[in-house]
Trainee: 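First, the structure itself, so that you have it in front of you.
Side-chain atoms are counted along with the backbone in the values below, which use heavy atoms only and exclude waters and symmetry mates.
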Amino acid sequence: FKQKTAYEIRLSLVGSEMCIRDSRVGAPRRCRVAAVVARMTLNLLREWPLLAARLVLSVVMAVLAGSMYRRAGCGVDARGVPDVTGCLFIICTSALFSSFFPCIGLIGKSMPLAYRESAGGLYEISAHLVAYVVTDAPVQVFLAAANMAIVYVMVDPRCGKGSGDDRAHFLAFLLVAQLVAYAGAGLGYCLPAVLPVEVALIVAPVVVYPCILFGGLYERSVDIPWYFAWWNSVNPLYFGLNALAVSEWRTYGDVAFPFADGKAVLEFYGLGNLSFSASCWSLLAVGTGLRVFVFAYLELHAAWAKRG
């Protein structure tokens, strides 16, 4: 009776948690996950200044990129080609940053509570991770969509020069931005899962720097030394830039000297070795694989801590 009363008087209790008064053993898994989702959603709404800051950051990055490459697609010459390709890379970088860095701080902040509740027999670590992914997913989708819409309108990458439906072209760009953000969030989950949040924030630039360096803009993928080439197997920027470059340049016709057409641009940058669909599936695989790794690591870590 004492334990039941203690649960009932907690101010942070939400409706779906009422079925988990005595232990987690008797409650269905979906009920436990729903309880953590409800609690995290309430916390997310209470921390609306953080949501506003993430939105402002995404909009500012989009406006800066759009201003720098404004209507770059309407001047595809020897200078315009690097501008458009650089803009494609900035689009991927913005999507990565908007998901990667916030996830480190937010996941890292929730890890101590997750371990305490797991040790106390209330919620599993996996319930916390699933709840966080579900809660933050709409935020990531909205931020990536807002960033992409602003940049696309300001840059106008096609400017009527490419074949195909412009709406389909925009949706392709939007899909890639969402998938890069999805993969970036997976990277963001990994660091605070295996490291203290303070250390994870210090290590984060070390993880991002190779992604930028080997992403395909500053170094052709075929020219990357073999001992670094493995990095691109989990590099969201590499797959994202490849997908956007294929979508942008594959159907281009005449391009000013020294490029004969859009395919020559892809060859010059060492892009196009993967199709658009293969790049998208790779991004999905990277994001999902990283989440599975975090899920397995946290479960093993919690089990080991209980035995200790």
Side-chain angles (χ1 to χ4, degrees), residues 40 43-66 68 88-114 128-129 131-148 150-151 176-215 217-218 231-232 234-241 283-284 286-291 293-295 297-298:
M40 287 189 175
N43 290 337
L44 191 67
L45 294 176
R46 291 192 189 104
E47 297 176 352
W48 63 266
L50 180 59
L51 290 176
R54 293 176 66 179
L55 177 60
V56 170
L57 176 62
S58 182
V59 171
V60 168
M61 293 179 67
V63 172
L64 288 175
M68 184 174 181
L88 302 182
F89 190 75
I90 290 295
I91 289 173
C92 295
T93 305
S94 299
L96 176 67
F97 282 16
S98 67
S99 60
F100 175 68
F101 288 104
C103 284
I104 294 176
L106 296 175
I107 283 285
K109 185 174 66 174
S110 64
M111 279 295 98
L113 175 62
H128 279 267
L129 181 60
Y132 181 82
V133 171
V134 171
T135 304
D136 199 54
V139 178
Q140 293 177 12
V141 170
F142 176 78
L143 293 179
N147 184 284
M148 184 71 256
I150 295 172
V151 174
V176 174
Q178 297 289 352
L179 289 174
V180 171
Y182 176 76
L187 280 175
Y189 297 150
C190 286
L191 292 184
V194 301
L195 298 169
V197 63
E198 297 83 2
V199 179
L201 290 172
I202 295 174
V203 174
V206 181
V207 175
V208 170
Y209 182 70
C211 292
I212 296 174
L213 188 61
F214 305 140
L217 181 66
Y218 302 108
W231 189 268
N232 277 347
V234 293
N235 187 352
L237 295 184
Y238 168 70
F239 293 119
L241 179 61
L283 285 169
L284 184 63
V286 168
T288 304
L290 291 172
R291 285 164 171 79
F293 165 78
V294 173
F295 180 90
Y297 177 86
L298 291 177

Trainee: Does a side-chain heavy-atom distance below 4.5 Å link Phe101 with Leu187?
Mentor: no
Trainee: I need the minimum non-hydrogen distance between Arg291 and Gly287, along with the two atoms involved.
Mentor: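 Result for this residue pair: NH1-O, 3.0 Å.
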Trainee: Looking at Pro210 and Asn235, what are the two nearest heavy atoms and their distance?
Mentor: O-ND2, 4.1 Å
Trainee: Hey, does Phe97 have a side-chain heavy atom less than 4.5 Å from the side chain of Ser58?
Mentor: no
Trainee: For Cys211 and Trp231, run side-chain contact (heavy atoms from CB on, under 4.5 Å): C-alpha distance rounded to whole Å, both residues' side-chain angles, the deciding distance at 0.1 Å, then the answer.
Mentor: CA-CA 8 Å; Cys211 292; Trp231 189 268; 3.4 Å; yes
Trainee: Answer yes or no: is there a side-chain heavy-atom contact under 4.5 Å between Tyr218 and Phe89?
Mentor: yes
Trainee: Within a strict 4.5 Å, meaning less than it, do heavy atoms of the Tyr189 and Val133 side chains meet?
Mentor: yes
Trainee: Closest heavy-atom contact between Val286 and Ala183?
Mentor: CG1-CB, 4.1 Å
Trainee: For a side-chain contact (heavy atoms from CB on, under 4.5 Å) check, start with the C-alpha distance between Thr288 and Tyr182, then their side-chain angles and the critical distance, and finish with the verdict.
Mentor: CA-CA 8 Å; Thr288 304; Tyr182 176 76; 2.9 Å; yes
Trainee: Find the distance between CG (Leu241) and CD1 (Ile90) and round it off to the nearest 0.5 Å.
Mentor: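 One finds 10.5 Å between CG of Leu241 and CD1 of Ile90.
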Trainee: Give every residue pair that meets the side chain to side chain donor-acceptor pair (under 3.5 Å) criterion with at least one member in residues 136-146, sequence neighbours excluded.
Mentor: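 Checked against side chain to side chain donor-acceptor pair (under 3.5 Å) - neighbours excluded - the pairs reaching residues 136-146 are Arg54-Asp136, Asp136-Gln140.
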Trainee: Out of curiosity, Leu237 CG to Asn232 CG, how far, rounded to the nearest 0.5 Å?
Mentor: 9.0 Å
Trainee: Please name the pair of heavy atoms, one in Ala181 and one in Ala144, separated by the smallest distance, quoted to 0.1 Å.
Mentor: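 Scanning both residues, the minimum pair turns out to be CB-CB, 4.3 Å.
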Trainee: Under 4.5 Å between any side-chain heavy atoms of Ile107 and Tyr132, yes or no?
Mentor: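 A side-chain contact under 4.5 Å exists here.
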Trainee: Quick one: pull up CD1 in Ile202 and CG in Leu191 and give me the separation to the nearest 0.5 Å.
Mentor: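 Atom-to-atom, Ile202:CD1 and Leu191:CG are 12.0 Å apart.
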Trainee: Within the 4.5 Å heavy-atom criterion, are Phe142 and Leu55 side-chain neighbours or not?
Mentor: yes
Trainee: Rounded to the nearest 0.5 Å, how far does SG of Cys92 lie from CD1 of Ile212?
Mentor: 11.5 Å
Trainee: Any pair with a residue in residues 186-204 that passes salt bridge (charged side-chain N to carboxylate O under 4.0 Å, His left out), sequence neighbours left out, goes on the list, sorted by first then second residue, please.
Mentor: none
Trainee: Would you say that Val139 contacts Leu44 through its side chain, given a criterion of any heavy-atom pair below 4.5 Å between the two side chains?
Mentor: yes
Trainee: Which heavy-atom pair separates Met148 from Ala177 by the least distance, and what is that distance?
Mentor: SD-CB, 4.0 Å
Trainee: Looking at every heavy atom in both Cys103 and Ala185, which two are closest together, and how far apart are they?
Mentor: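 Scanning both residues, the minimum pair turns out to be SG-CB, 3.8 Å.
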